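Remarks on the structure that follows.
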Protein chains: 2
Amino acid sequence: MTGLASSIERRNGVSLWRQIADRILQGIASGDFAENAALPPEVALAERYGVNRHTVRSAIAALVQEGVLKAEQGRGTFVLSRKRLSYPIGARTRFSTGLQGQTSERHIALLSSSTEPASRRIAEALGIAKGAAVIRLETRGEADGHAVSRATIWFDAKRFAGIEAAMAETGSITASLKRFGINDYLRHSTVLSARHADADDLAALDLQPGAIVLVTVAVNVTLDGEPIQFAESRFPAERVELRLSAGD
Amino acid sequence: MTGLASSIERRNGVSLWRQIADRILQGIASGDFAENAALPPEVALAERYGVNRHTVRSAIAALVQEGVLKAEQGRGTFVLSRKRLSYPIGARTRFSTGLQGQTSERHIALLSSSTEPASRRIAEALGIAKGAAVIRLETRGEADGHAVSRATIWFDAKRFAGIEAAMAETGSITASLKRFGINDYLRHSTVLSARHADADDLAALDLQPGAIVLVTVAVNVTLDGEPIQFAESRFPAERVELRLSAGD
DNA sequence: ATAATTTGTCTATTGATATAGACAACTATA
DNA sequence: TATAGTTGTCTATATCAATAGACAAATTAT
């Protein structure tokens, strides 16, 4: 990416093969390793990263299982997967329209829903009393059959009673909110962080263990500034990048 | 954060103690573990995460060495460190003003500089010919003595000859650009991703191996839209979160 | 055909990771 | 003072991670 040959760290808590797998994924995303082309041979990669050939093989094996690479005996190891999806974030962040042009199909699957008392944090974000009932939706964003996001979304249960049914039916937050008279809404705030994927993320996003997720914590509001939705979304860093759209 | 007891993954390439250390850091950042208060005892943490007490001890040991926790025999283990810095990103992203109010002192240290031919990517971003000379600055952002960012910045060498001297002197991008007649500039685009810190990041940001960095790739432009600066910045995810400021 | 290149498999060894259990050392409290 | 609760240290064992070397199997080029 920068052209810097940033090296590999040992005795870290993160295995060398995992680090090298990360580097290869980066290389693909940044264009260092072209699509459909062969990777450098294992011995060359081993030398480049200063590790044993078997360690490189472990990294490649993980990426093969992940569907990113394909190894052919005698020929080489080839890059299958495309660049990362670029997910725009701005005042009018929408799942479906945001990925328009990058994927042919996309929708949000409702994994589960429940009603619970609001924690302090959620109550503050939604401007309701702590302990008031909120609806929690667990969702997965899918594009062309691939999982690209995993979100937990909270709504005021009083104002949005039954929204889980609307979500299950429409597969869209925007469409569901319309049923409650909200035709437009804005992203009020977004806070961004990153962490290792937990077991739930791994399963829902079909990730290999050790993968990194980008985490956004966001509040959506009506045009009047009334908070309507609080959400924590997780995006697989190896498949998705977030593009900050300034104006919109 | 969400209250979900997301669990720990095994055989991942990321050791259990590293994952647990991450979780504790998250817990501190999100307020689950209050500052100056004691962590739950080791046996309780071991049970919560479903691992052996010794594994929890490895995680705690790493965080003690990192200066985040302090263990006292017979009493407990205490949280020393504060919440993450919140680094705002928007049209007017500036290092120093962005952290105002959160830290008393902050500046950018110039680690090294060089002149090199522009890669295709950098040439496109800066609107110059591929192979044209560009100045590369390697910098570290510091706040109250702690490293909070590590950036690589490129400028058109023709237009900004000598900017490395200005940077070394002023410790500020904004001040340096003023010397070239640029009194204001805007963030044109930002792309966000995350990865494991490489050896260079680890050293410069004083991180424990295995740590995660948030990565932004950004282009700054003049008010007329002329590109002036291309930068890749790395932020330690355990110490910094990025706050997207919508309007500004 | 032959050789060179590349991925695949096997054995062996070393160190890091994780579990298990026992007990020591220290602190706070009843 | 005695007791419970907590961190610190030690031994032992099993598995994972990484290195090392050798050779097989498949493909491509000479």
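Just so it is clear, the model here is predicted, and its values are computed rather than measured. A, B, ... follow the sequence lines: proteins, then strands. Residue 1 opens every chain.
In this structure, A:F78 atom CZ and D:dT27 atom P are separated by 11 Å, rounded to whole Å. Note: CD1 (A:I60) to P (C:dT9) measures 13 Å, nearest angstrom. Atom pair A:R18:CZ and D:dC16:C1' shows a separation of 15 Å (rounding to whole Å applied). Taking atom CD1 of residue A:I20 and atom P of nucleotide D:dA17, one finds them 13 Å apart after rounding to whole Å. Between the CG atom of A:L39 and the P atom of C:dT7 there is a distance of 8 Å, given to the nearest Å. Distance A:E42 CD to D:dA26 C1': 13 Å, rounded to the nearest Å. As a whole-Å value, the separation of B:Y49 OH from C:dA18 P is 15 Å. At whole-Å resolution of the value, CG in B:L45 and P in D:dG5 are 17 Å apart.
Distances shorter than 4.0 Å separate some side-chain N or O of A:R57 from OP1 or OP2 on C:dG8. At the phosphate of C:dT6, neither OP1 nor OP2 sits under 4.0 Å from any side-chain N or O atom of A:T77. Distances shorter than 4.0 Å separate none of the side-chain N or O atoms of B:T55 from OP1 or OP2 on C:dT17.
Side-chain atoms of B:W17 lie closest to C:dA18 of the nucleotides D:dG8, C:dA18, C:dT7. Closest to the A:A71 side chain, of the nucleotides D:dT7, C:dT6, C:dG8, is C:dG8.
Look at B:R243 and B:E241 and you find no salt bridge, because none of the NZ, NE, NH1 or NH2 atoms lies under 4.0 Å from a carboxylate O. Salt bridge status for A:D201 with A:R234: present, with a side-chain N to carboxylate O gap under 4.0 Å.
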B/S/- contact track for nucleotides 20-30 of chain C, protein heavy atom under 4.0 Å: BBB--BBSS--
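Partners of B:K130 under the salt bridge (charged side-chain N to carboxylate O under 4.0 Å, His left out) rule, at least two apart in sequence or in another chain, do not exist in this structure. With sequence neighbours left out, B:R48 forms a side chain to side chain donor-acceptor pair (under 3.5 Å) with no residue at all. For B:R140, the salt bridge (charged side-chain N to carboxylate O under 4.0 Å, His left out) partners at least two apart in sequence or on another chain are B:E142. Taking A:Q73 as the reference, nothing meets the side chain to side chain donor-acceptor pair (under 3.5 Å) condition, with sequence neighbours excluded.
Applying the ring pair (Phe, Tyr, Trp, His ring centres under 6.0 Å) definition to pairs two or more places apart or across chains, none involves residues 51-71 of chain B.
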